[in-house]
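Scroll down for the structure; my scribbles are underneath it.
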There are 2 protein chains.
Amino acid sequence: MKNVFNNEIINSFYSIYMQERKILQSDAERVGLTVVQLRALYKISVRPNVRLAELAERMKSTNSTISSVIDRLVDKELVERKTSENDRRAITICLTIKGEEKLREFQESKSETVQKLQRINDLPAEDIKRLLEIHQKILSILKD
Amino acid sequence: MKNVFNNEIINSFYSIYMQERKILQSDAERVGLTVVQLRALYKISVRPNVRLAELAERMKSTNSTISSVIDRLVDKELVERKTSENDRRAITICLTIKGEEKLREFQESKSETVQKLQRINDLPAEDIKRLLEIHQKILSILKD
DNA sequence: TAGTCTTATTTCGTATGCGAAATATACGGA
DNA sequence: TCCGTATATTTCGCATACGAAATAAGACTA
């Protein structure tokens, strides 16, 4: 396999990732948010008062990126930054009432993503098992 | 499957896509380029004098994004924009000598990506066949 | 306790990435 | 030929995305 930019397997992962992203984006737009913003709201909701560095790690992103995502969520009044009481260098992030409402609004909306994920989960259990196994093999090669 | 942001299958695709991107990025950096720039050089090399819109389509991106990618490649003197002779609205893009050399430099470099793709291609043929089949099923659900 | 090292976050510069508006040109018909 | 419409590209505003530098505060040590 000489050509890095024309590999069937890699292209296959790319296509699925992009298609999923596109669907999720149209879902997010319906509540006036981006995918990243929505994902941040969700991650904050399951771990209120999370620190910035931990949130960035959980989102597999960097501190600087998440810092500016939070900026925009603060502008929209969906989250609040507070200085941590234990460590004045750190901040903790939590949802505002408005943020909780926005997340609920999304979760209660007819999400195309949810419907398609359900159909994917309805594929034969054997297929899904095999898929995840092969993915694991590929991931371990890539991480090696 | 209630939660869109915590789906094992989707996360699996995401992890592999991100890991591959990371490796390719470190390969690209060794020749002083980004992944997108390298990919553009490659796509132009296999289709010299390609038009911007066609290049954007082949790269599954948008005209505006690719237009600015080309800006930076022109700044680096790796590609040239020419007005199309048939249609003065259009431009055609081709590599400069320096661009061809840069691409060759990358192809001759010890690319980690190439090595890992080889190892992935060495997985049992049955696994790969099955993988691509299941990916097709998933993709058709997503595109439905 | 002053000086130094570490840690948490923000800021900065640069590169995608996208849709909408702007620009330039082509093309059709009156 | 003139006009309206269609097409190709660029520009603009905004949102990621990342590493490096800047900032601020905690922690450790001589």
Side-chain angles (χ1 to χ4, degrees), chain A residues 14 17-26 28-29 31-41 43 49-76 78-93, chain B residues 14 17-26 28-41 43-44 49-76 78-93:
Chain A
Y14 178 72
Y17 168 69
M18 288 303 283
Q19 188 64 29
E20 163 65 19
R21 218 176 130 278
K22 209 154 114 187
I23 297 169
L24 198 44
Q25 188 148 35
S26 70
E29 271 164 14
V31 294
L33 294 175
T34 67
V35 177
V36 172
Q37 288 168 0
L38 202 48
R39 211 161 85 90
L41 286 190
K43 293 283 185 184
N49 298 309
V50 66
R51 285 195 186 185
L52 187 119
E54 190 189 341
L55 181 60
E57 195 196 330
R58 285 176 184 276
M59 293 185 70
K60 293 182 207 244
S61 184
T62 62
N63 292 1
S64 59
T65 298
I66 299 306
S67 180
S68 53
V69 171
I70 297 301
D71 281 347
R72 285 178 287 271
L73 288 174
V74 169
D75 288 348
K76 288 173 190 270
L78 300 176
V79 309
E80 262 183 3
R81 270 188 179 95
K82 290 183 206 148
T83 304
S84 165
E85 288 163 14
N86 313 339
D87 182 345
R88 299 210 344 260
R89 292 169 301 181
I91 63 159
T92 64
I93 305 161
Chain B
Y14 178 72
Y17 168 70
M18 288 303 281
Q19 189 64 28
E20 162 65 18
R21 217 176 132 277
K22 209 155 118 185
I23 297 169
L24 198 43
Q25 187 149 37
S26 70
E29 270 164 13
R30 274 202 288 281
V31 295
L33 294 176
T34 67
V35 177
V36 173
Q37 289 168 0
L38 202 47
R39 212 160 84 90
L41 286 190
K43 294 284 186 185
I44 297 165
N49 298 309
V50 66
R51 284 196 186 184
L52 187 121
E54 190 188 341
L55 180 61
E57 194 196 332
R58 285 176 184 276
M59 293 184 70
K60 292 180 206 243
S61 185
T62 61
N63 292 0
S64 59
T65 298
I66 298 306
S67 180
S68 55
V69 171
I70 297 302
D71 280 348
R72 286 177 287 270
L73 288 175
V74 169
D75 287 347
K76 289 175 188 269
L78 300 176
V79 309
E80 262 182 4
R81 269 190 181 95
K82 290 183 207 149
T83 304
S84 166
E85 290 162 13
N86 313 339
D87 182 344
R88 299 209 346 258
R89 289 168 302 181
I91 63 160
T92 64
I93 305 161

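Letters A, B, ... mirror the listed sequences (proteins, then strands); counts begin at 1.
Residue A:S61 places its side chain closer to D:dC18 than to any other of C:dT16, D:dC18, C:dT10. Comparing C:dG17, C:dA15, D:dA25 against the side chain of B:T65 picks out C:dG17 as the nearest. In this structure, the nucleotide among C:dT11, D:dA15, D:dG19 sitting nearest to the side chain of A:S67 is C:dT11.
To the nearest 0.5 Å, atoms CD1 (A:I93) and CZ (A:R51) are separated by 11.0 Å. Between atom OG1 of residue B:T34 and atom CD of residue B:Q25 there is a gap of 8.0 Å, rounded to the nearest 0.5 Å.
A residue-by-residue look at B:R21 and B:S64 shows that B:S64 has its nearest nucleotide of DNA chain D further toward the 5' end. Summary of the strand contacts: A:D71 and B:I66 both lie near DNA chain C, and taking for each the nucleotide with the nearest heavy atom, the more 5' one is attributed to A:D71.
Residue B:S68 places no side-chain N or O under 4.0 Å from the OP1 or OP2 atom of D:dT10. Remark: B:R81 is not in phosphate contact with D:dT9, judged by side-chain N or O atoms under 4.0 Å from OP1 or OP2. Proximity of A:Q37 to the phosphate of D:dT16: a side-chain N or O atom is located under 4.0 Å from OP1 or OP2.
One can place NZ of A:K22 at 19 Å from P of D:dT16, the figure rounded to the nearest angstrom. Summarising the geometry, the separation between CD on A:E29 and P on D:dT16 is reported as 12 Å, rounded to the nearest angstrom. In this structure, B:E54 places its CD atom 15 Å from C1' of D:dT9, rounding to the nearest Å. Rounded to whole angstrom, the span from the CG atom of A:L24 across to the P atom of D:dT16 amounts to 13 Å. Distance, B:I70 CD1 to D:dT11 C1': 16 Å, rounded to whole Å. One atom, CD of A:E57, and another, P of D:dA17, lie 17 Å apart when rounded to the nearest Å. Distance, A:M18 CE to D:dT16 C1': 13 Å, rounded to whole Å. A:E85 has its CD atom 17 Å from the C1' atom of D:dG26, to the nearest Å.
For A:V79 against A:I70, the heavy-atom pair with the smallest separation is CG2-CG2, 4.1 Å.
For A:D71 and A:R81, the salt-bridge test passes: some basic side-chain N is under 4.0 Å from an acidic carboxylate O.
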Below 3.5 Å is the cut-off: list the nitrogen or oxygen pairs between protein and nucleotides 6-8 of chain C, distance only.
| unit_1 | atom_1 | unit_2 | atom_2 | d |
| --- | --- | --- | --- | --- |
| C:dT7 | O4' | A:R89 | NH1 | 3.3 |
| C:dT7 | O2 | A:R89 | NH1 | 2.9 |

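Looking at B:R21, B:E20, B:Q19 one by one, the single match for side chain to side chain contact (heavy atoms under 4.5 Å, CB included) with B:Y17 turns out to be B:R21.
The closest side-chain heavy-atom distance from A:T92 to A:T83 is not below 4.5 Å.
Defined by atom type and a distance below 3.5 Å, a donor-acceptor pair is missing between the side-chain atoms of B:S64 and B:S67.
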